[in-house]
Amino acid sequence: MALSTKSGNLVNRCAKSSARPVSVPIAVSRNAVKFICQANLLGTNAPYESVFNKSSRHLISRQKITARLSVVAKSTDTKYDYDLIIIGCGVGGHGAALHAVEQGLKVAVIEGHDVGGTCVNRGCVPSKALLAASGRVREFKNAQHLKSLGIQVGSVSFDRQGIADHASQLVQNVAGNLQRSLEALGVDILMGNGKLMGPHTVKYGKPGRVDLGGEVTAKDIIIATGSVPFVPPGIPIDGKTVFTSDHALKLEWLPNWVAIIGSGYIGLEFSDVYTALGTEVTFIEAMDNIMPTFDREIARLSERLLIKGRPIDYRTGVIATKVTPGVPGVKPVVIELTDFKTKKVVDTMEVDAVMVATGRAPFTTGLNLQAVGAETDRRGFVPVNEKMQVLDTKGNLVPHVYCIGDANGKYMLAHAASAQGISAVENMCGRPHVLNHLSVPAACFTHPEVSFVGVTQEKAEELAKEQGFPLGVVKTSFKANSKALAEKEGDGLAKMMYRKDTGEILGVHIIGLHAADLIHEASNAIATKQTVQDIKFNVHAHPTLSEVLDELFKQAHVETPVAAAAVASKIKEPVAA
């Protein structure tokens with residue numbers, strides 16, 4: 001997000017300050033945001049404010065603060081209420097709003113549920129709180145590991161409600177900070193469900209609420225409505241014994257045995273939480289392999305580190321065609337298992353609870369896309385081009401209407417939505433921009449973590465064969481890293497696929513301690529088109545986990561042009577009869 005790390009934090013501090021607030025203009029730059037918030041934190045009662053101006057190196061008066069604010073403020077096109085309206089205020093909508101304000105646009109967001117969307121309220125944020133707390137429980141219970149560090153602990157217990165409260169309190173804090181950051185920058189937050197009435201008009205409101213709603217206009221509109229958990233047919237959700245991740249995040253009870261339908265990132269993270277807190281887990285996976293979307297080598301190591309040795313088993317190649325809810329502690333949940341290929345019922349299971357983790361579906365109902373000549377595809381996604389511009393039913397551009405995040409289906413991750421929002425704003429401001437989705441990292445926050453960017457080794461091999469280039473694959477183990485060994489966390493692997501003729505990085509996959517943090521050096525290298533020749537000379541502090549990637553990069557070798565051409569010619573040579 002444009003202001004999340006520096007200016008955004010100042011805005012949050014500004015919003016929380018008890019000092020008399022400074023009036024914030026609609027349009028501000030990063031430096032102006034910092035300037036405004038510093039003034040707010042210090043208060044405006046004194047004749048001279050202790051605000052340090054980097055350019056002049058002088059203290060500046062209240063009058064100069066007012067003058068500075070009037071300079072950065074800009075007005076919208078008088079034909080419209082706003083320059084930009086964003087339907088949905090999750091991470092994607094928030095990121096787009098912050099960047100739009102920085103570009104001098106007058107912005108409003110329309111939110112029908114909770115500011116912060118799925119990520120903040122029902123996804124990334126609360127799940128990380130549960131993983132953090134349950135991870136500590138797992139760590140403290142691992143007496144053998146602690147003993148190897150010279151530490152002895154007694155019996156370990158936990159308070160389920162206390163862990164649940166930690167997650168809910170974190171949600172409230174983050175959502176509140178997010179809302180205050182928008183308000184501090186002059187973004188209008190309009191509560192209600194947004195409905196397109198044309199390429200420049202949005203109607204919003206809530207059923208049964210005559211006090212909320214209205215119709216607003218803008219030069220440009222961004223759809224950022226996100227997604228909801230996908231529940232396959234035949235699975236009734238009661239929120240108690242059969243539930244989605246939305247319900248599981250509340251941690252209202254801990255079943256003795258839970259079946260998790262789906263072994264993707266959501267399912268894996270919850271298996272990590274549940275097993276740390278004493279629950280047994282069974283995965284039900286339709287594909288022949290557990291963790292089917294992972295790089296196969298990483299998946300095999302993940303199975304050893306995240307499944308074997310824990311109270312987890314799995315059934316692959318089957319689907320849950322019928323689920324009958326039970327009663328907590330009284331009546332089990334009954335699951336009918338059907339062979340994925342033959343479609344024949346092969347087994348029945350009885351468990352205490354079932355969690356449905358079969359992915360997410362776009363929340364695009366009620367948008368009234370017909371008003372702009374568009375419609376969703378068969379899966380419910382809004383069709384867009386590479387610049388996030390909405391396409392109509394004939395594949396033509398719908399002027400001034402964009403769609404970002406889960407609603408367009410390009411890459412259903414919160415930070416991808418934010419990056420798409422920033423890209424959309426750049427395009428509407430006349431600066432053509434295309435986000436390279438292969439540079440967007442992904443992470444699974446299990447213990448240990450899993451992360452990746454780019455393609456899997458299997459996909460890289462396909463590309464090498466199709467395009468006729470030599471493929472390089474390098475690997476390194478966490479067992480060779482001093483920092484990992486110091487923490488007795490040597491289990492882990494990092495691997496990189498690259499073109500041996502050009503040095504282009506195709507994909508990096510990591511499983512190990514803090515893998516989610518380590519992946520960004522690789523993802524940023526892909527985003528900025530750095531090659532292995534560039535990054536192998538980077539310097540990494542010792543001893544740190546970053547040296548895992550240092551070792552990986554230094555192993556990569558690019559062939560000379562002559563050697564590469566010879567290899568390429570052999571690949572393209574026709575096979576003799």
Side-chain angles (χ1 to χ4, degrees), residues 4-6 295 297-298 301 415-416 419 422 433-443 448-461 463-464 467-487 489-568 571:
S4 61
T5 56
K6 293 183 180 178
D295 175 277
E297 184 175 18
I298 296 295
L301 185 53
H415 47 282
I422 292 169
H433 184 273
V434 174
L435 173 65
N436 177 9
H437 285 85
L438 288 176
S439 72
V440 177
E449 296 173 343
V450 185
S451 63
F452 77 90
V453 64
V455 301
T456 63
Q457 182 173 340
E458 291 75 28
K459 181 61 178 178
E461 290 170 350
L463 292 173
Q467 300 176 22
F469 62 80
L471 177 66
V473 180
V474 290
K475 307 173 188 177
T476 189
S477 170
F478 277 64
K479 286 184 171 64
N481 181 266
S482 299
K483 183 67 159 54
L485 292 176
E487 299 195 28
E489 297 283 357
D491 286 328
L493 170 73
K495 64 189 292 189
M496 176 173 68
M497 283 66 66
Y498 67 100
R499 289 185 60 144
K500 296 184 74 172
D501 55 347
T502 65
E504 178 188 356
I505 303 167
L506 301 176
V508 176
H509 297 253
I510 310 172
I511 178 171
L513 188 64
H514 296 303
D517 299 309
L518 295 176
I519 196 63
H520 295 95
E521 185 175 5
S523 67
N524 290 335
I526 293 175
T528 55
K529 296 182 172 56
Q530 294 182 73
T531 65
V532 294
Q533 300 100 305
D534 298 321
I535 60 177
K536 70 189 307 176
F537 293 104
N538 291 353
V539 180
H540 300 77
H542 174 77
T544 63
L545 292 170
S546 69
E547 291 176 292
V548 170
L549 287 180
D550 184 58
E551 177 66 24
L552 194 67
F553 298 153
K554 283 181 168 53
Q555 286 185 48
H557 297 288
V558 177
E559 297 175 346
T560 63
V562 174
V567 172
I571 293 175

[atom1] of [X] to [atom2] of [Y]: how many Å apart, nearest 0.5 Å?
{"X": "H540", "Y": "F553", "atom1": "NE2", "atom2": "CZ", "result": "6.0 Å"}
{"X": "M496", "Y": "I510", "atom1": "CE", "atom2": "CD1", "result": "11.0 Å"}
{"X": "D491", "Y": "I511", "atom1": "CG", "atom2": "CD1", "result": "8.5 Å"}
{"X": "L518", "Y": "S523", "atom1": "CG", "atom2": "OG", "result": "11.0 Å"}

Answer yes or no: does atom NZ of K479 have more than 12 heavy-atom neighbours from other residues, nucleotides or ligands under 6.0 Å?
->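 Count over threshold, so yes.
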Smallest separation among heavy atoms of [X] and [Y], with atom names:
{"X": "A541", "Y": "S546", "result": "O-OG, 4.1 Å"}
{"X": "F478", "Y": "G490", "result": "CB-O, 3.4 Å"}
{"X": "V558", "Y": "G503", "result": "CG2-CA, 3.7 Å"}
{"X": "K536", "Y": "A556", "result": "NZ-O, 2.7 Å"}
{"X": "A443", "Y": "A516", "result": "CB-CB, 3.7 Å"}
{"X": "A525", "Y": "I535", "result": "CB-CG2, 3.9 Å"}

Any side-chain heavy-atom pair of [X] and [Y] under 4.5 Å:
{"X": "V455", "Y": "M497", "value": "no"}
{"X": "V453", "Y": "I526", "value": "yes"}
{"X": "H520", "Y": "P441", "value": "yes"}
{"X": "E547", "Y": "K483", "value": "no"}
{"X": "E458", "Y": "D295", "value": "yes"}
{"X": "I298", "Y": "K495", "value": "yes"}
{"X": "L493", "Y": "E297", "value": "yes"}
{"X": "I519", "Y": "V508", "value": "yes"}

If only atom types and distance count, is the side chain of T476 paired as donor or acceptor with the main-chain N or O of L552 below 3.5 Å?
->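 Such a contact is absent between T476 side chain and L552 backbone.
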Under 3.5 Å donor-acceptor, N481 side chain and T544 backbone =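 Yes.
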Determine, stepwise, if the pair T528 / D534 fulfils side chain to side chain contact (heavy atoms under 4.5 Å, CB included).
-> CA-CA 11 Å; T528 55; D534 298 321; over 6 Å; no
Could you list the residues that satisfy side chain to side chain contact (heavy atoms under 4.5 Å, CB included) with E504, not counting sequence neighbours?
->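 For E504, the residues satisfying side chain to side chain contact (heavy atoms under 4.5 Å, CB included) (neighbours in sequence not counted) are R499, T502, L506.
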Full working for side chain to side chain contact (heavy atoms under 4.5 Å, CB included) between L513 and L545 = CA-CA 8 Å; L513 188 64; L545 292 170; 3.9 Å; yes
Could you note down all residue pairs passing ring-ring contact (aromatic ring centres under 6.0 Å, His included) where residues 489-514 supplies at least one of them, sequence neighbours left out?
->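 Of all non-adjacent pairs touching residues 489-514, those that pass ring-ring contact (aromatic ring centres under 6.0 Å, His included) are F452-H509.
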May I have the step-by-step check of side chain to side chain contact (heavy atoms under 4.5 Å, CB included) for D550 and H542, ending in yes or no?
-> CA-CA 10 Å; D550 184 58; H542 174 77; over 6 Å; no
